[in-house]
Amino acid sequence: MTNEELRVSKIERGTVIDHIPGGQALNVLAILGIDGREGDVVSIGMNVPSDRLGRKDVVKVEDRELSQSEVDVLSLVAPEASINIIKSFDVVEKHRVERPERVSGVLQCSNHNCITTEGEPVDSEFEVLEDGIRCVYCDTIIRDDITAHILA
């Protein structure tokens with residue numbers, strides 16, 4: 001990308017999440033627990049032209065690096081995403097997200113009778129499938145809108 005194409009200014013320190021499917025940036029913010037009330041400095045580019053995806057979203061979060069659990073859930077919503085760690089305005093680390101085999105404690109099962117939703121001290125755990133996620137306790141499969149099941 002040339003400087004003439006730069007739509008959002010560079011950040012000095014933080015994380016840039018690139019190659020998010022177009023229209024998914026707000027879901028990425030939900031995964032990160034960013035709602036605008038905490039004062040996080042965030043830049044968003046939505047539906048930006050992309051050779052690889054046709055259109056993509058980009059999220060820049062200043063002064064923050066993502067936890068592994070955030071990256072794991074992000075990979076379910078944006079499997080082609082790349083994570084760039086920025087220090088002193090330069091990319092010091094870059095990697096693509098990888099879908100984990102399981103995610104624990106970050107999503108809520110949609111089955112109201114599941115042990116994880118009954119007030120028991122049990123963290124949710126999901127097996128990651130090709131087309132969704134499966135609760136390891138009750139076998140409920142969630143295929144669409146995984147972001148609706150993110151634990152706040």
Note to self: If you compare all heavy atoms of Glu65 against all heavy atoms of Lys87, which two are closest, and at what distance to 0.1 Å?
What the structure shows: OE2-CE, 3.7 Å

Item checked: Flag side-chain contact, heavy atom, 4.5 Å: Ile85 against Thr15 -> yes

Next item on the list: To the nearest 0.5 Å, tell me how far Ile83 CD1 sits from Asp18 CG.
Entry: 9.5 Å

Check: What distance separates Gln24 CD from His19 NE2, expressed to the nearest 0.5 Å?
Finding: 15.5 Å

Check: Ion pair present between Glu62 and Arg13, side-chain N to carboxylate O less than 4.0 angstrom?
Finding: no

Check: Does a sphere of radius 6.0 Å around CD in Glu101 hold more than 12 heavy atoms from other residues, nucleotides or ligands, not counting ones at 6.0 Å or beyond?
Finding: no

Checklist line | Distance in Å, Leu26 CG paired with Ile34 CD1, rounded so as to fall on 0.5 Å steps | finding: 11.5 Å

Notebook entry, point to check: Judged by atom type as modelled, is there a donor-acceptor pair below 3.5 Å linking the side chain of Asp35 to the main-chain atoms of Arg37?
Noted result: yes

Margin query: Apply side chain to side chain contact (heavy atoms under 4.5 Å, CB included) to residues Leu74 and Glu70 and explain how you reach the verdict.
Written below: CA-CA 6 Å; Leu74 175 67; Glu70 289 171 327; over 6 Å; no

Checklist line | Sidechain N-carboxylate O distance under 4.0 Å for Arg134, Glu127 | finding: yes

Check: Is the shortest heavy-atom distance from the side chain of His149 to the side chain of Cys109 under 4.5 Å?
Finding: no

Notebook entry, point to check: Transitively linked via ILVMFWY side-chain contacts under 4.5 Å: Leu32 with Val97?
Noted result: yes

Next item on the list: Report yes if some heavy atom in the side chain of Val42 is under 4.5 Å from a heavy atom in the side chain of Leu29; otherwise report no.
Entry: yes

Note to self: Could you see if Ile142 belongs to whatever hydrophobic cluster contains Val136? Use Ile, Leu, Val, Met, Phe, Trp, Tyr and a side-chain cutoff under 4.5 Å.
What the structure shows: no

Check: Is the shortest heavy-atom distance from the side chain of Val58 to the side chain of Ile17 under 4.5 Å?
Finding: no

Note to self: Testing the basics here: between Pro21 and Val77, what is the closest heavy-atom pair and its distance to 0.1 Å?
What the structure shows: CG-O, 3.9 Å

Margin query: For a 4.5 angstrom cut-off between non-hydrogen side-chain atoms, does Leu76 reach Arg99?
Written below: yes

Checklist line | Asn27, Ile20, Val28 screened by side chain to side chain contact (heavy atoms under 4.5 Å, CB included) with Asp57, the one that passes | finding: Ile20

Item checked: Shared hydrophobic cluster, Val71 / Val61 (ILVMFWY, side-chain heavy atoms < 4.5 Å) -> yes

Checklist line | Euclidean distance, Arg64 CZ relative to Ile86 CD1, rounded to 0.5 Å | finding: 15.5 Å

Check: Are the side chains of Asn111 and Thr117 in touch, meaning some heavy atoms are under 4.5 Å apart?
Finding: no

Check: So, do Ile133 and Ile141 sit near enough that their side-chain heavy atoms are less than 4.5 Å apart?
Finding: no

Checklist line | Asp63 side chain near Val41 side chain, heavy-atom distance below 4.5 Å | finding: no

Notebook entry, point to check: For Ser124 and Thr116, which heavy atoms make the closest approach, and how far apart are they?
Noted result: CA-CG2, 3.6 Å

Margin query: Please report the interatomic distance CD1(Ile146) to CZ(Phe126), rounded to the nearest 0.5 Å.
Written below: 9.5 Å

Item checked: Euclidean distance, Arg143 CZ relative to Leu129 CG, rounded to 0.5 Å -> 7.0 Å

Check: What heavy-atom pair brings Ser104 and Glu125 nearest, and what distance separates the two atoms?
Finding: OG-CG, 3.5 Å

Margin query: I'd like to know if Val128 and Ile31 are part of one continuous hydrophobic network [Ile/Leu/Val/Met/Phe/Trp/Tyr, side-chain heavy atoms within less than 4.5 Å].
Written below: yes

